[in-house]
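Read the structure below first, then the notes.
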Protein chains: 2
Amino acid sequence: MPLLMLKNLPRYECLLAAAKEFPDLDPSACEAFLHLLRAGDECFRAVESNLARHNISQGRFGVLMSLLNNCRGESSPTALSPAELADRTAVTRATMTGLIDTLERDGLVTRVPDTEDRRMMAVGLTEKARTLLHEILPDHFRRMTALMQSLDESERRTLVQLLNKIQEQAAAMAPPPAPLAATLS
Amino acid sequence: MPLLMLKNLPRYECLLAAAKEFPDLDPSACEAFLHLLRAGDECFRAVESNLARHNISQGRFGVLMSLLNNCRGESSPTALSPAELADRTAVTRATMTGLIDTLERDGLVTRVPDTEDRRMMAVGLTEKARTLLHEILPDHFRRMTALMQSLDESERRTLVQLLNKIQEQAAAMAPPPAPLAATLS
DNA sequence: TATTTGTCGTTAGCTCCCTAACCATCGGCC
DNA sequence: GGCCGATGGTTAGGGAGCTAACGACAAATA
């Protein structure tokens with residue numbers, strides 16, 4: 001999340017001053033918003049910088065994790081279609097094509113055509129990818145733990161609850177991607 | 001923040017299960033981390049989509065807001081150097097050159113050489129930019145307010161406190177950009 | 001059976017941001 | 001006064017993600 005803001009957040013007095021010029025500015029809402037984005041961004045960078053050392057971007061990581069997760073719980077053995085992957089990683093299918101291209105080039109996934117539906121492809125993890133993930137993930141998880149270490153269990157629960165409220169609100173405000181058969185026919 | 005994760009966050013039981021395979025995975029830390037990134041990302045998108053309608057990316061917005069803010073409080077009349085802008089918006093100087101290029105092309109900022117130090121430039125807002133900002137900002141602030149509307153004042157304070165703890169931790173983990181004259185001479 | 005509609009994956013072209021390398025200039029030091 | 005490191009801003013090149021458009025195929029419809 002390249003930041004929508006400044007390195008040094010404005011102090012609260014500045015927000016109060018700005019609210020005089022812009023009556024729509026709610027200082028406490030603005031403050032919470034800015035802190036949320038900054039904390040999210042810094043946490044993101046903290047783990048991203050680690051993954052980047054192994055040439056894994058967030059998009060690539062999402063693909064690999066989706067495939068890794070897929071093998072657990074369900075019976076299907078780790079293979080997913082590009083469209084399914086795009087959906088799970090919240091990325092367009094076009095972007096997914098590019099991600100799979102480079103992951104395949106680097107020998108981390110395989111792409112085999114589906115025999116039944118010849119439009120489809122099946123994307124699967126290679127052994128090399130599994131090895132890589134088991135090399136990266138422990139450190140990745142340790143970083144998450146470190147980031148949250150100053151919060152005790154109760155604080156974490158509180159945080160998650162507050163974030164959920166915000167996220168629900170944000171989701172409600174998002175442009176409905178195709179509400180309910182809102183056809184114009 | 002293109003997301004480092006999936007559209008549907010893993011359920012807590014899945015985290016518990018995964019923790020069996022990866023002892024370094026702290027489920028509650030992981031959960032808090034994922035929720036933080038997702039909430040931040042959705043809030044980011046909520047306001048970004050609005051700014052995008054006016055052809056304002058986060059980088060451009062940061063520049064414009066830095067210049068707008070600069071005229072208040074200090075005596076200097078709205079002009080900043082590219083390096084200063086890059087620092088405030090947490091972007092590289094190279095990126096700032098590109099941002100200023102397009103902002104200048106769109107008539108939103110002016111770039112005039114400094115007469116005293118001939119390396120420097122002074123970047124200033126145009127009247128067009130001020131008009132645009134006053135057209136965009138009220139809605140921008142209303143969106144922030146809407147995003148936070150499900151939290152009362154006390155919850156917002158709590159959230160900011162928790163986020164501050166996390167952010168301090170993240171900052172401490174960040175790669176020190178040049179610690180303390182760590183020269184290798 | 002033949003046609004339309006929808007889906008899947010891909011391509012082309014764009015924006016944003018990054019790193020690495022460059023010159024020009026300033027300021028201190030001999 | 002003349003080098004020299006530090007600091008300006010810029011350029012070149014690359015990766016990631018997006019939208020819009022496409023051809024191939026499957027499924028629904030007539």
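Order of the sequence lines sets the chain letters (A, B, ...), proteins ahead of strands, with each chain counted from 1.
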Find the distance [X]:[atom1] to [N]:[atom2] and express it as a whole number of Å.
{"X": "B/D114", "N": "D/dT10", "atom1": "CG", "atom2": "P", "result": "13 Å"}
{"X": "B/R60", "N": "C/dT15", "atom1": "CZ", "atom2": "P", "result": "11 Å"}
{"X": "B/E48", "N": "D/dG17", "atom1": "CD", "atom2": "C1'", "result": "11 Å"}
{"X": "A/R119", "N": "D/dG23", "atom1": "CZ", "atom2": "P", "result": "17 Å"}
{"X": "A/N55", "N": "D/dG14", "atom1": "CG", "atom2": "P", "result": "15 Å"}
{"X": "B/E104", "N": "D/dT10", "atom1": "CD", "atom2": "P", "result": "9 Å"}
{"X": "B/R118", "N": "D/dT7", "atom1": "CZ", "atom2": "C1'", "result": "16 Å"}
{"X": "B/I100", "N": "D/dG9", "atom1": "CD1", "atom2": "P", "result": "8 Å"}

Taking only the side-chain nitrogens and oxygens of [X], find out if one of them lies under 4.0 Å from OP1 or OP2 of [N].
{"X": "B/T95", "N": "C/dC18", "result": "yes"}
{"X": "A/T92", "N": "D/dG17", "result": "no"}
{"X": "B/R111", "N": "D/dT10", "result": "yes"}
{"X": "B/T97", "N": "D/dT10", "result": "yes"}

- Could you tell me the separation between the CG atom of A/L36 and the CD atom of A/E31, rounded to the nearest 0.5 Å?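 Spacing of CG (A/L36) from CD (A/E31) equals 12.0 Å.
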- Query: Does some side-chain heavy atom of A/I166 sit less than 4.5 Å from a side-chain heavy atom of B/L159?
  - Reply: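 Heavy-atom side-chain distance check passes, below 4.5 Å.
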- Message: With no hydrogens and no angle check, just 3.5 Å: does a side-chain donor-acceptor pair link A/H35 and B/Q161?
- Response: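 There is no such pair (donor and acceptor under 3.5 Å, judged by atom type) between the side chains of A/H35 and B/Q161.
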- Task: Determine whether A/M120 and A/L103 fall in the same hydrophobic cluster, where Ile, Leu, Val, Met, Phe, Trp and Tyr are linked whenever their side-chain heavy atoms lie under 4.5 Å apart.
- Result: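 Unlinked, A/M120 and A/L103 end up in two clusters.
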- Query: Taking for each residue the nucleotide of DNA chain C bearing the nearest heavy atom, is the 5' side occupied by B/A94 or by B/T102?
  - Reply: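 Result of the comparison: B/T102.
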- Query: Does B/L99 or A/G98 map to a spot on DNA chain C nearer the 5' end, using the closest nucleotide for each?
  - Reply: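 Residue closer to the 5' terminus by nearest nucleotide: A/G98.
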- Considering heavy-atom distances to DNA chain D, does A/V91 or A/D117 have its closest nucleotide positioned more toward the 5' end?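 Per heavy-atom nearest nucleotide, the more 5' residue is A/V91.
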- Per A/D101 side chain, nearest of listed nucleotides C/dT11, C/dC8, C/dC17: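 Side chain of A/D101 sits closest to C/dT11.
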- Candidates D/dG9, C/dC26, C/dT10 - which lies nearest the side chain of B/M121: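 Out of D/dG9, C/dC26, C/dT10, the nucleotide with an atom closest to B/M121's side chain is D/dG9.
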- Task: Pick base, sugar-phosphate or nothing for B/E116, based on heavy-atom distances below 4.0 Å to the nucleic acid.
- Result: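 Here B/E116 touches the backbone only, sparing every base.
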- Nearest atoms (heavy-atom pairs only) where B/L25 meets B/C30: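 Closest approach of B/L25 to B/C30: CD2-CB, 4.1 Å.
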